[in-house]
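Written out below as structure tokens is the structure these notes cover.
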Amino acid sequence: MWGYGIFIDIVRCIGCYACVVGCKNWHMLHNTENSTIKIMDFTTGEFPEVERWIIPIFCGQCKNAPCMDVCNTGALFRTEDGIIRIDEEKCIGSRRCERACPFGVILFNREKNKVFKCDFCYDRIKKGQNPFCVDICPTSAIHFEKISEIEKKSVFSLNKHLGTKIFYPIITSGLENELIDRIKK
Amino acid sequence: MSEKIIPTMCHGCYYGGYNCGILAHVKNDKFIKVEGNPYHPLNKGRLCAKGLSAVQWVYNPHRLLYPLKRTGDKGKGEFKRITWNEALDNICEKLLSIKEKYGPEYIIFIKGQASGWFNLYHQLFVRFLHALGSPNFSWWSPSVCFVPQLFYHACTVGGDRYATADYENSDLIIEWFTSGGKGGAARGGPESGNSNLRTSPIQVIDRIQNGAKLIIINPKLISLGANTRAYKWIPIKPGTDSALALAMINVIIEKGLYDHNFVETWCHGFQELADHIKKYPPKWAENITGIPSKEIETLAVEYATTPNACIRVTEAPQKKDLPSFGRAISILIAITGHLDRAGGNVFFYSPVHLKINTFSRRIPKEIWAKTLGADRLFSKIMGGPAIVGADFFSTVKALTTGKPYKPKAAIIVCTNPINTARGTHHIKQALANLEFTVVVDLSYTPTARYADIVLPAATKYEHEADAGIWFNHLATCNKIIEPLGEARSELEIFMDLAIKMGMGKDFWDGNYFSMMNEYLSPAKITIDELKKNSLKGIYLPESDLMNTKERYEKLFLRLPKNKVQLYNKIFEKYDLDPLPVYHGEPEDPHNSPDIYKEFPLIFTDIHSDYFNHHSWMRSIPWLREIKKDPFIIIHPNTAQKYGVEQGDWVKIESPHGSIKAKCIIYNGIRPDTVMGQHGWWQGCNSLNIEEFSCEQEGVNVNVLYSIENRESVTGDITKNTLVRIMKTSPPAPVSPWIVKGEK
């Protein structure tokens with residue numbers, strides 16, 4: 001699995017939140033703060049020459065992961081496939097990782113007093129299935145693919161420095177910087 | 001214990017028997033999660049946020065779980081729990097005595113969309129009411145956009161349904177004031193039933209990625225048009241759609257861009273239309289619509305000269321000026337040669353129509369004549385009250401004025417007119433005037449507060465529900481879990497009531513399977529066979545109806561001269577405008593300049609959202625946490641002008657009332673426009689959000705409109721008014737229900 005990532009074809013994304021809700025449904029997360037996927041929704045230009053952008057932000061399973069850096073119980077661990085998972089037994093609910101995540105995509109499960117994060121639906125991908133959000137996406141905008149395949153397309157990664165494995169098509173030149181600026185805010 | 005996976009259909013955005021395919025996961029008799037059914041041809045494994053919230057929809061603290069009897073005053077919400085036996089006995093006794101004392105027509109039935117339009121539930125309710133002898137079945141779709149637009153469409157281009165956008169083959173897709181698929185985002189095709197209700201985003205996007213162009217005509221840039229998908233966004237002034245459509249016809253005729261062959265062969269009154277349309281040039285429309293005339297011209301030329309071009313309208317037809325808009329759109333589609341041709345607007349059919357007998361023939365002629373609203377022109381043109389039922393507004397009027405008579409009992413099923421219909425105040429008065437009211441619903445609603453008896457309905461995951469057909473694919477629902485509390489299916493409730501009233505023989509003696517076999521008989525399939533094939537469903541042989549196009553002879557059969565009515569001989573006969581004449585909406589900057597001085601912003605509301613279905617589903621925490629508050633959307637310049645900021649509570653005041661909503665500031669909306677959303681009222685316990693009022697100073701947009709602003713034939717009601725806005729405090733919550741003896 002090492003070398004798999006998510007390619008989000010934003011030309012297909014309509015911001016319907018099926019991935020956001022679908023994740024909570026599949027992982028049965030009923031009483032949570034935050035979500036594992038964040039939808040950025042903003043405009044560029046001025047009326048009537050407006051372009052609207054709807055861009056979902058997923059956990060990038062960063063190579064240099066700020067969440068892992070701050071976890072001091074060892075609850076967050078990296079699998080041999082490069083995916084960051086959580087060992088619930090070890091999580092004490094300090095929520096440090098949640099605050100450290102630059103993308104805000106770690107959620108807090110109030111029921112269990114533990115955090116929860118995307119692991120590309122590890123149980124599913126081990127069985128050869130797609131992550132849940134990929135299968136239910138109403139417009140088939142989310143693709144789980146080998147990074148080498150993704151990189152054959154004209155794409156940008158959410159954060160090269162951190163080594164995120166989430167990729168978007170390059171549509172207009174300014175979008176990448178605009179998105180990065182907005183995430184920083 | 002191991003997990004069971006049961007195939008069924010979604011109970012999310014429910015319009016009829018057929019919906020997206022779901023695989024429901026059950027563990028220890030508990031419904032724990034869903035996934036999409038990959039074999040289901042409508043959604044092929046995809047699901048939207050509403051469908052994915054099924055578990056929180058079922059296990060929801062807002063659900064009614066026991067039969068209740070009112071103990072306090074109407075509207076207060078004071079009830080006590082009673083047994084099913086007591087509830088049903090009470091209902092039988094009341095209905096039979098009212099029938100005996102006054103006559104069967106004094107019993108009315110009000111049904112909304114939640115049990116689906118047209119399908120088994122709808123048909124069973126009609127059958128029940130007709131078996132009782134009453135003709136007064138009031139389903140209020142006829143006064144909102146769908147049936148009125150279908151009426152003008154059918155009176156112009158014929159057919160028995162709406163010619164829907166054939167996205168799959170289209171090179172130019174015009175989404176004209178639609179929500180762009182928010183009604184059911186995972187649906188992968190048009191509806192083959194009698195409906196034009198939803199966009200299919202995946203088909204639109206597939207075509208865009210293959211080079212098709214998407215044009216959004218909407219005061220607001222919708223999400224379907226985001227991420228460069230919209231080739232053009234035309235921010236039209238709300239309510240003026242008809243002016244744009246008429247100007248497009250003007251350009252097309254003036255430039256000779258119409259389909260000469262089609263017009264000569266299949267259209268009546270081209271010359272009259274050509275003469276008439278001269279008064280609607282793009283320059284004229286520019287001033288009204290706010291769209292530069294050059295742009296109108298380009299739009300008209302592009303539409304007329306693209307052979308595979310389709311238009312979908314849904315919310316735009318919600319207007320008093322529907323006679324011009326509904327016909328202008330139909331005329332546009334016809335004269336440009338886009339009717340029933342690939343990539344244009346096409347009639348989609350299933351090979352069979354599933355049905356049970358609704359006993360219409362049992363109602364004697366003199367009783368049909370007593371149907372509320374039977375004398376309306378709409379009813380006459382459509383073929384009488386046996387076709388159209390009772391008119392919703394005539395029903396409300398009968399209850400509030402006693403004219404022509406005051407009904408005594410109402411059975412209200414899965415509809416919440418206090419919130420969803422215009423004229424909240426009138427509807428409350430109507431409900432207060434009833435002698436006996438039964439409300440059947442899934443959750444506590446403002447309307448249920450007026451009931452004498454409230455019955456808890458089960459979701460479609462908790463009972464053997466209906467089956468449905470989409471093109472030639474038959475699929476069935478399945479029971480996933482036992483009902484919560486004492487909730488029961490509407491099917492069971494009405495069969496039981498029928499049995500108690502001595503009408504068991506007419507209701508299959510309460511046998512669900514016998515009923516389903518009658519319903520499925522047109523398909524020559526039994527419910528057992530269908531249930532055995534729950535995962536994949538059953539494909540019927542394809543029919544010619546599904547695959548042929550250009551069925552003009554058949555489509556125009558019932559139209560005068562068997563031709564498309566460019567000049568409308570039907571309307572001429574009834575002294576209505578035979579040609580589409582622009583009037584605009586009663587409350588807009590042109591028609592009511594005096595009001596405009598005091599209320600300087602144009603208001604309209606949007607319907608569907610990814611996170612709710614009309615007035616339903618706001619109690620689901622997974623959905624509510626995404627959009628917590630009733631909202632208005634305004635342009636940043638407008639916000640600045642009126643001193644409001646993102647997230648502020650704002651008071652929105654029209655000449656008819658005022659509401660409160662939170663402010664969303666958005667660059668993609670006209671600066672002269674304020675958009676709200678209908679269907680707000682419900683609280684969400686899990687997120688500590690309280691219920692808000694449907695009345696003045698509450699959160700229900702319907703109080704901003706006047707019920708007088710209705711179209712004279714269909715009763716289609718405007719969704720345009722003028723408002724002013726100012727910063728305000730949050731709305732006050734309404735008092736919760738007090739129920740004795742629950743649990």
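Sequence lines set the chain letters: A, B, ... in the order given, protein chains first and strands last, and positions in each chain run from 1.
Centroid-to-centroid, the aromatic rings of A/F120 and A/F144 come within less than 6.0 Å. In this structure, the ring of A/Y168 has its center no less than 6.0 angstrom from the ring center of A/W53. For B/H25 and A/W26, the ring centers sit closer than 6.0 Å to each other. For an aromatic pair to be called close, the ring centres must be under 6.0 Å apart, and A/F116 with A/H27 satisfies this.
Residue contact with chain A, scored on non-hydrogen atoms closer than 4.5 Å, involves the backbone and the side chain of B/I32 alike. With a 4.5 angstrom heavy-atom cutoff, A/I171 touches chain B only via side-chain atoms. Contacts of A/C137 with chain B are made by backbone atoms alone, with heavy-atom separations under 4.5 Å and no side-chain atom involved. Within the 4.5 angstrom heavy-atom criterion, only backbone atoms of A/L29 (N, CA, C, O) approach chain B. In this structure, chain B has a heavy atom under 4.5 Å from the side chain of A/F132, while its backbone stays farther away. In this structure, the portion of B/W233 lying under 4.5 Å from any heavy atom of chain A is its side chain and not its backbone. Of the two parts of A/C13, the backbone and the side chain both hold a non-hydrogen atom closer than 4.5 Å to a non-hydrogen atom of chain B. For B/Y666, the part lying near chain A is the side chain, with the backbone staying farther off; criterion is any non-hydrogen pair under 4.5 Å. Proximity to chain A (any heavy atom under 4.5 Å) is restricted, for B/I222, to the backbone atoms N, CA, C and O. Proximity to chain A is limited to the backbone of B/I669, based on heavy atoms less than 4.5 angstrom apart.
Classification of the B/H11-B/W57 ring pair by plane angle, with boundaries at 30° and 60°, yields perpendicular.
Counting heavy-atom pairs under 4.5 Å between each of A/K24, A/E46, A/E49 and chain B puts A/K24 at the top. With chain B as the partner, the residue from A/S35, A/C19, A/G15 showing the most heavy-atom pairs under 4.5 Å is A/G15. Contacts with chain A were tallied for B/P671, B/C48, B/S686, B/P621; B/P671 has the most, counting heavy-atom pairs under 4.5 Å. Looking only at heavy-atom pairs under 4.5 Å with chain B, the residue among A/N31, A/I14, A/T139, A/D135 that has the most is A/I14. Of the listed residues (B/V55, B/D206, B/N43, B/I202), the greatest number of heavy-atom pairs within a distance under 4.5 Å of chain A belongs to B/I202. Chain A forms more heavy-atom pairs under 4.5 Å with one residue of B/G51, B/G36, B/A185 than with any other, namely B/A185. Per-residue counts of heavy-atom pairs under 4.5 Å with chain A were compared for B/Q56, B/K44, B/Q203; the largest is that of B/Q56.
Both tests pass for B/K627 against the ring of B/F631: distance under 6.0 Å to the centre and angle within 45° of the axis.
The pair A/E51-B/R229 does not meet the salt-bridge criterion, since no charged nitrogen lies less than 4.0 angstrom from a carboxylate oxygen.
Using modelled atom types and a 3.5 Å distance limit, the side chains of A/D9 and B/Q209 yield a donor-acceptor pair. At a cut-off of 3.5 Å, with distance as the only test, no side-chain donor of A/T32 or A/R110 sits close to an acceptor on the other residue.
Side-chain contact check for B/T8 versus B/I480: some heavy-atom pair is nearer than 4.5 Å.
The environment of A/K153 atom NZ is dense: over 12 non-hydrogen atoms of other residues, nucleotides or ligands sit within 6.0 angstrom.
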